[in-house]
Amino acid sequence: MSAYFDAASTEPLHPAARAELLAALDGAWADPARLYGAARAARMQLDRARARVAGVLGVRPDEVAFTSSGTQAVHLAVLGGAAARRRAGRHLVVSAVEHSSVLHAAELHERDGGEVTAVGVDVHGRVDPAAFAAALRPDTALACLQSANHEVGTVQPVAEVAEACRAAGVPLLVDAAQSAGRADVPAGWSFLAASAHKWGGPPGVGVLVVRKGVRWRSPLPKDERGGRRVPGFENVPGAVAAAAALEAHRAEAADDGPRLAALVDRIRTEVPRLVPDVQVVGDPVRRLPHLVTFSCLYVAGEALLAELDRLGFAVSSGSSCTADTLRPSHVLEAMGVITHGNVRVSLPRGTGAADVERFLEVLPDAVARLRRSAGVTAP
Amino acid sequence: MRFRGRTRREPEPAAAPVPPQPGGPPPVLVIDALGRKCPIPIIMLAERIREVPVGQIVAVLADDPAAHTDVPAWCRMKSQEFVWEETLARGGWGFHIRRMY
Ligand SMILES: Cc1ncc(COP(=O)(O)O)c(C=O)c1O
């Protein structure tokens, strides 16, 4: 039996989401833009899903739009937020450790003649709010900060940065993909992006929130659907399931969250004790409670992930090079920590303590084996 | 802005300028890890730093971009002193480290 420790990539579908997804596939398949009964039913379901998501996020239902992914929500927020403030200027501020969806959107903005400032982080991957504030300029159109980092779990100072943005009159996008459904996002932002599959919802559903009174202009061709924010025929069953999962995940987090946090704390203390030359990375205190990342010196991350997979553990890494790049993780690089031998353990709801114990049992040998085969003798 | 996978046209403004003078005493050992992927340059450094006397300099030549982060990070973790880095004409870097213990 394999243990799944990669909730930060995606959380397994919540049973409540599965039940409502199946029901909505049968009951809410009609075109929500039409006027007959089945269409009205689909529209009601969509409106209800929006209201449920808004309820958990603490916003108004008409501020919520469903997208085709967290990535699309980020793209729409970055490009649409910047487009709406073209008259103020074409300067964007992002943190250096944002998700690729933010950084790629910022690159596109830059290719279109805009300018981007990436604010660095400390060795724990945390943005200094004063440094972020100092990067804001009179011509800054938009600022972007994640609620928590996807590779190392560090929670960012969103409240402080939101206050600095408010003072400077700059709208703030919060990429809450890693924390939505787990913890409340501090107030004060203008745009929020999130992703349903991270909280046990179905794949292919993201959430874009644009606060009332915030200017936004679609970077895409005109379309009447998705509240004029997200073009195309709405994925009503997906939205319904996303809302169900969000409510369920949030409700269960009260009980399951502390339990997962205790398991992660155990990994955090035991791994450096059991494995020589390991560094736990990310902020030791201000962090996502269900996630821990560590780097094992002298081991290739990909080899370690493959070995752990063989031993029955699905874990991920920030350092795995994707096919189109030979660069190490931009997050670990920005932090200035070891980029090789990186393992991210993120526990989905209901993770058993026995699986964590088994992980702690097999990890030291797995690392030792790989080090031996690489010829490492150094103490 | 700097991001993985990105090809830039302009030189990186954040990159440290290449010092015209060596930033420290000459190395007593030069480890050639050019063409080797991390963690191999770090393994070679960890294995061979014991060959130089305490207080002396070992240089690692590497061109894997990960080494640029990993060598200084390794020095911090292992309490060795990262002295300076040179940019090599043929590409890559020379990282100069002082053995502290
Ligand atoms: C911080 C962050 N932002 C955005 C995304 C993108 O979400 P999606 O997978 O729905 O495109 C992710 C998911 O990988 C993420 O971790």
Side-chain angles (χ1 to χ4, degrees), chain A residues 92-94 96-100 102-104 106-107 109-111 114-120 123 277-279 281 295-304 318-319 321-342 370-371 374-379, chain B residues 1-10 12-16 29 31 33-52 54 58 60 62-82 85 91-93 95 97 99-101:
Chain A
L92 296 187
V93 176
V94 302
V97 296
E98 293 302 305
H99 185 258
S100 56
V102 174
L103 297 180
H104 284 311
E107 280 176 7
H109 175 76
E110 210 174 26
R111 277 202 299 280
E115 200 188 330
V116 179
T117 300
V119 178
V123 73
D277 289 323
V278 158
Q279 184 177 34
V281 294
S295 299
C296 306
L297 274 182
Y298 317 131
V299 174
E302 293 79 357
L304 184 51
S319 65
C321 294
T322 52
D324 62 333
T325 169
L326 291 173
R327 291 203 74 92
S329 146
H330 70 279
V331 173
L332 301 175
E333 206 176 41
M335 293 164 66
V337 296
I338 296 284
T339 65
H340 66 262
N342 186 259
L370 291 170
R371 283 178 178 163
V376 177
T377 65
Chain B
M1 203 185 65
R2 179 156 164 254
F3 180 49
R4 68 197 293 194
R6 174 130 193 277
T7 48
R8 300 186 57 100
R9 269 158 288 130
E10 339 87 76
E12 277 172 21
L29 173 69
I31 302 168
L34 292 167
R36 314 296 299 270
K37 299 274 305 156
C38 273
I40 293 167
I42 308 300
I43 295 174
M44 293 169 85
L45 170 61
E47 289 293 320
R48 299 198 58 196
I49 194 168
R50 286 169 287 186
E51 294 172 23
V52 311
V54 172
V58 53
V60 189
D63 50 14
D64 179 359
H68 201 253
T69 303
D70 285 10
V71 174
W74 179 86
C75 290
R76 250 197 319 279
M77 249 179 107
K78 289 302 203 178
S79 305
Q80 303 290 4
E81 189 193 345
F82 184 81
E85 117 192 7
W93 304 272
F95 303 102
I97 296 112
R99 180 176 176 192
M100 298 305 285
Y101 57 91

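Since this is a predicted model, take the numbers as computed values, not measurements. Sequence lines set the chain letters: A, B, ... in the order given, protein chains first and strands last, and positions in each chain run from 1.
When atom types are taken as modelled, the side chain of B:Arg76 and the backbone of A:Gly336 share a donor-acceptor pair closer than 3.5 angstrom. One N or O on the side chain of B:Asp70 and one on the backbone of A:Thr339 form a donor-acceptor pair closer than 3.5 Å.
Here B:Ile43 contributes atom CD1 and A:Leu297 contributes atom CG; the two are 9.5 Å apart, rounded to the nearest 0.5 Å. Between the CD atom of A:Glu333 and the NE2 atom of B:His68 there is a distance of 8.5 Å, given to the nearest 0.5 Å. Here the straight-line distance linking atom CD of B:Glu47 with atom OH of A:Tyr298 works out to 8.0 Å at 0.5 Å rounding.
Annotation: side chain to side chain donor-acceptor pair (under 3.5 Å) contacts of A:Gln279 (sequence neighbours excluded): none. Take B:Arg48 and apply the salt bridge (charged side-chain N to carboxylate O under 4.0 Å, His left out) test, not counting sequence neighbours, and it matches B:Glu51.
Most heavy-atom pairs under 4.5 Å with chain A: of the set B:Cys38, B:Pro39, B:Ala67, this distinction falls to B:Pro39.
Between B:Pro65 and A:Pro328, some side-chain heavy-atom pair lies under the 4.5 Å cut-off. Using a 4.5 Å heavy-atom threshold, the side chains of A:His340 and B:Thr69 count as separate.
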Starting from the C-alpha separation in whole Å, work towards a yes-or-no answer on side-chain contact (heavy atoms from CB on, under 4.5 Å) for B:Arg50 and A:Thr377.
CA-CA 11 Å; B:Arg50 286 169 287 186; A:Thr377 65; 3.4 Å; yes
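Counted within 6.0 Å of CZ on A:Arg371, heavy atoms from surrounding residues, nucleotides or ligands total more than 12; the atom is thus considered enclosed.
With a 4.5 Å cut-off on non-hydrogen atoms, A:Val119 does not touch chain B at all. Heavy-atom distances place both the backbone and the side chain of A:Val376 under 4.5 Å from chain B.
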